Amino acid sequence: MSDLRTRFAPSPTGYIHVGNVRAALFPWLFARQQNGTFILRIEDTDQARFVEGATDLILDTLDWLGIDWNEGPRVGGAYGPYVQTERKDSYHQWAQKLIDKGLAYADPYTQEEVAAFREQSKAAKKAFLYRDYRPENPPAWDGTQPLRFKVKSPKRYTWNDPVMGELTAGPEALDDFILIKSDGLPTYNFAHIVDDAEMAITHVVRGLEYIPSIPKYLSLYEALDIEPPVLICLPHIMAPDGKKKLGKRDGAKSVNEYREEGYLPEAMLNFLASMGWNDGTEQEVFTRDELIEKFSWDRVQRSGARFDEQRLLWLNGQHIRLLELDDLYERVASFWPASAGQASEAYKKQILALVQDRLKTLRDLP
């Protein structure tokens with residue numbers, strides 16, 4: 001499957017936490033297993049949430065974890081650029097195709113008018129659908145107004161998800177959504193479809209929260225005459241109490257914090273891979289190569305996996321024990337206490353050999 005192409009497309013809106021990393025890990029494992037191509041793309045069209053320096057933080061985090069990419073920032077590739085704000089012309093060209101087909105229109109309504117439409121739907125006791133209030137004679141799109149996709153014939157869509165199985169949604173899931181905002185930049189709903197098509201992506205992996213939007217994506221693929229890639233949705237990583245999706249508000253730390261606390265990248269990959277996936281055996285400790293060899297979509301569970309930091313700590317201790325002494329010595333270089341400054345390398349290695357089996361994190365060394 002050397003023509004297999006997967007991708008990770010984070011937004012530079014802050015640090016990258018464990019939930020973000022798993023969205024990169026699974027498609028990366030799949031691409032490496034199948035000798036395919038793994039692409040990194042930066043989705044930065046939401047400029048209101050853009051955080052300076054976040055892109056470099058994402059790249060450095062993936063680099064530390066060993067999640068390497070064949071195409072993307074710092075690497076290049078034949079399908080670039082790999083940053084969305086540098087691809088503006090592409091989105092406008094694809095948008096023009098829809099305008100020419102009569103499948104996109106300039107949205108002339110104000111926020112107040114849209115609010116009034118919502119009230120009308122509420123009064124009529126029906127769900128608000130933008131297409132019910134579509135303007136009869138919209139103005140020509142000049143880029144100053146939002147451009148909306150026009151759902152021509154709402155219908156039922158059925159698709160097969162390698163993790164979630166066969167899924168289906170009726171016409172009520174389809175609506176006229178914004179393709180390009182008034183600032184000239186595309187929405188996620190439009191940009192990722194254009195990018196994936198132009199970059200020849202064969203498998204798209206993302207979170208479960210995108211399932212309700214997939215019928216909209218399928219209708220847009222159809223309108224653009226694009227063959228949809230395989231669409232895969234992963235169950236959530238749940239907060240420690242198991243009641244909701246893990247988020248930054250629940251204390252989801254940045255991966256960089258774990259790095260500074262003395263966790264190994266191998267342990268982090270093992271931990272994230274085994275949250276929601278297993279190989280069908282009792283094995284718990286996996287090397288990077290074993291994860292690549294054994295990974296399969298049919299072993300990914302459909303329910304969410306609870307985030308258990310104590311299990312991560314245990315796995316980290318296991319991976320520390322697997323390290324050769326010279327490798328461990330290099331990794332603990334920044335964790336020695338000040339009092340070790342005058343000690344010889346040979347003496348420090350003797351100390352390290354004594355404590356290796358007791359370390360749970362590298363920061364335990366002092």
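These numbers come from a predicted model, not from an experiment.
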Heavy-atom closest pair, residues [X] and [Y]:
| X | Y | value |
| --- | --- | --- |
| L231 | L218 | CD1-CD2, 4.1 Å |
| W64 | V255 | CZ3-CG1, 3.7 Å |
| N270 | E284 | ND2-O, 3.1 Å |
| D56 | R74 | OD1-NH2, 3.5 Å |
| R259 | F335 | O-CZ, 4.1 Å |
| G262 | N316 | O-ND2, 3.3 Å |

Name of the residue among L359, L352, L328 meeting side-chain contact (heavy atoms from CB on, under 4.5 Å) with L323: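 Option passing the side-chain contact (heavy atoms from CB on, under 4.5 Å) with L323: L328.
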
Applying the side-chain contact (heavy atoms from CB on, under 4.5 Å) criterion to D89, which one of Q93, R87, H92 satisfies it?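 Considering Q93, R87, H92, a side-chain contact (heavy atoms from CB on, under 4.5 Å) with D89 is found only for Q93.
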
Is the terminal nitrogen or CZ of [X] (NZ for Lys, CZ for Arg) located under 6.0 angstrom from the six-membered ring centre of [Y] and within 45° of that ring's axis?
| X | Y | result |
| --- | --- | --- |
| K348 | Y329 | no |
| R148 | Y130 | yes |
| K150 | Y105 | no |

Whether [X] side chain and [Y] backbone form a donor-acceptor pair below 3.5 Å:
| X | Y | value |
| --- | --- | --- |
| R32 | D68 | yes |
| K216 | D176 | no |
| Q34 | G36 | no |
| E330 | V332 | no |
| E266 | T287 | no |
| K101 | A223 | yes |
| S11 | E43 | yes |
| D175 | F177 | no |
| D195 | Y91 | no |
| D364 | T361 | yes |

Rounded to the nearest 0.5 Å, what separation is found between the [atom1] atom of [X] and the [atom2] atom of [Y]?
| X | Y | atom1 | atom2 | value |
| --- | --- | --- | --- | --- |
| N20 | I58 | CG | CD1 | 7.5 Å |
| C233 | I214 | SG | CD1 | 4.0 Å |
| F190 | K181 | CZ | NZ | 13.0 Å |

With W277 as reference, evaluate W297, F286, F26, F30 under the ring-ring contact (aromatic ring centres under 6.0 Å, His included) test and give the passing residue.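 Passing option: F286.
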
Using the rule ring-ring contact (aromatic ring centres under 6.0 Å, His included), only one of Y217, W94, Y221 pairs with H192; which is it?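 For H192, the ring-ring contact (aromatic ring centres under 6.0 Å, His included) check succeeds only for Y217.
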
Are N189 and T187 close enough, and set up right, to give a side chain to side chain donor-acceptor pair (under 3.5 Å), and what steps lead you there? CA-CA 5 Å; N189 290 338; T187 59; 4.9 Å; no

Residues D196 and R41 bridged, charged N to O under 4.0 Å: yes

Mind checking whether Y133 and F128 have ring centres under 6.0 Å apart? yes

